[in-house]
Novice: 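Following this message is one structure expressed as structure tokens.
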Amino acid sequence: MKELKNLKYVILEIIPTNSNPKKGDIAQISALKLDGFKLIDRFDYRLDKDKINVFDILKIINYDNDKFKYLSSTRKIKKEFKKFIGHLPLLIIDNSYTYKYLEEFNNEKIPVFDYLNLKLSDTVFDEIIKKYNLEASNYLVDLLYEALIMEYN
């Protein structure tokens, strides 16, 4: 496992409209670019809401609407994301759809939960909040960032 304190990397969360990229779109990507544990930049992009036809997804991403940049296609979101990440390794929530939506990216993909001694589960974010005594947040990448800081300090 790579030592995070000496690494530039990106933590990200993808919210898709379908678990299969051939049948769905990226509704939202939130990502943090980090140098060790220092925040360098953030990426908060969403698909135009009129392009999302899954009501449950619209409900999930209905927060802080003015804090996101909106684009008209998954292709455009991916293009901007590619510019944002460059060649940096990606700390990902290691579910199957994240890997599928990132298939075209050659960046190294590292499961973020390995650094927190946790496993992906339906309750993993509740576990993170409890383990690190964090406030709940709509921004899962922020919770992961805070948990990493606490784990390594």
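In this chain, residues are counted from 1 in sequence order.
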Novice: State, with a plain yes or no, whether a side-chain heavy atom of Ile52 is found less than 4.5 Å away from one of Asp25.
Specialist: no
Novice: At what distance, to the nearest 0.5 angstrom, does OG of Ser30 lie from CG of Leu144?
Specialist: 11.0 Å
Novice: Taking side chain as C-beta onward, heavy atoms only, is Leu34 less than 4.5 Å from Leu4?
Specialist: no
Novice: Considering all heavy atoms of both residues, which atom of Ser121 and which atom of Glu127 are nearest to each other, and what is their separation?
Specialist: OG-OE2, 3.3 Å
Novice: So, Tyr152 side chain and Glu3 main chain: donor-acceptor pair closer than 3.5 Å or not?
Specialist: no
Novice: Can you confirm whether Lys51 sits close enough to Ser72 that some side-chain heavy atom of one is under 4.5 Å from a side-chain heavy atom of the other?
Specialist: yes
Novice: Quick one: is the NZ or CZ of Lys49 closer than 6.0 Å to the six-membered ring centre of Tyr70, and within 45° of its axis?
Specialist: no
Novice: CD1/Ile57 to CZ/Arg46 distance, rounded to the nearest 0.5 angstrom?
Specialist: 11.5 Å
Novice: Taking atom NZ of Lys82 as the centre, does the number of heavy atoms from other residues, nucleotides or ligands within less than 6.0 Å exceed 12?
Specialist: yes
Novice: Does NZ or CZ of Lys33 come closer than 6.0 Å to the centre of the six-membered ring of Phe43, within 45° of the ring's axis?
Specialist: no
Novice: Would you please say whether a donor-acceptor pair under 3.5 Å links the side chains of Thr98 and Asn95?
Specialist: yes
Novice: Just wondering, do Ile149 and Tyr132 contact through their side chains at under 4.5 Å, heavy atoms?
Specialist: no
Novice: Rounded to the nearest 0.5 Å, what separation is found between the CD1 atom of Ile92 and the CG atom of Leu12?
Specialist: 7.0 Å
Novice: Check this for me: does any side-chain nitrogen of one of Glu80 and Lys69 sit under 4.0 Å from a carboxylate oxygen of the other?
Specialist: no
Novice: Donor-acceptor check, side chain of Thr17 to backbone of Gly24, threshold 3.5 angstrom: yes or no?
Specialist: no
Novice: Restricting to non-hydrogen atoms, name the atom on Tyr101 and the atom on Ile26 that form the minimum distance, rounded to 0.1 Å.
Specialist: CD2-CG1, 3.5 Å
Novice: Using every non-hydrogen atom in the two residues, find where Gly36 and Tyr9 come nearest and quote the distance to one decimal.
Specialist: O-OH, 2.7 Å
Novice: Is the shortest side-chain heavy-atom distance between Asp44 and Asp64 below 4.5 Å?
Specialist: no
Novice: Are Lys78 and Tyr45 close enough that some pair of their side-chain heavy atoms sits under 4.5 Å apart?
Specialist: no
Novice: With heavy-atom distances below 4.5 Å as the criterion, would you say the side chains of Asn117 and Lys131 are in contact?
Specialist: yes
Novice: Could you tell me whether the side chain of Tyr99 reaches within less than 4.5 Å of the side chain of Lys109, counting heavy atoms only?
Specialist: yes
Novice: Quick one: CD1 on Ile128 to CE on Met150, what's the gap to the nearest 0.5 Å?
Specialist: 12.0 Å
Novice: Would you call the rings of Tyr63 and Tyr139 parallel, tilted or perpendicular if under 30° counts as parallel and over 60° as perpendicular?
Specialist: perpendicular
Novice: For Ser73, is there any backbone N or O sitting under 3.5 Å from a side-chain donor or acceptor partner on Asp48?
Specialist: no
Novice: If you count heavy atoms of other groups shown closer than 6.0 angstrom to CG of Asn106, is the number above 12?
Specialist: no
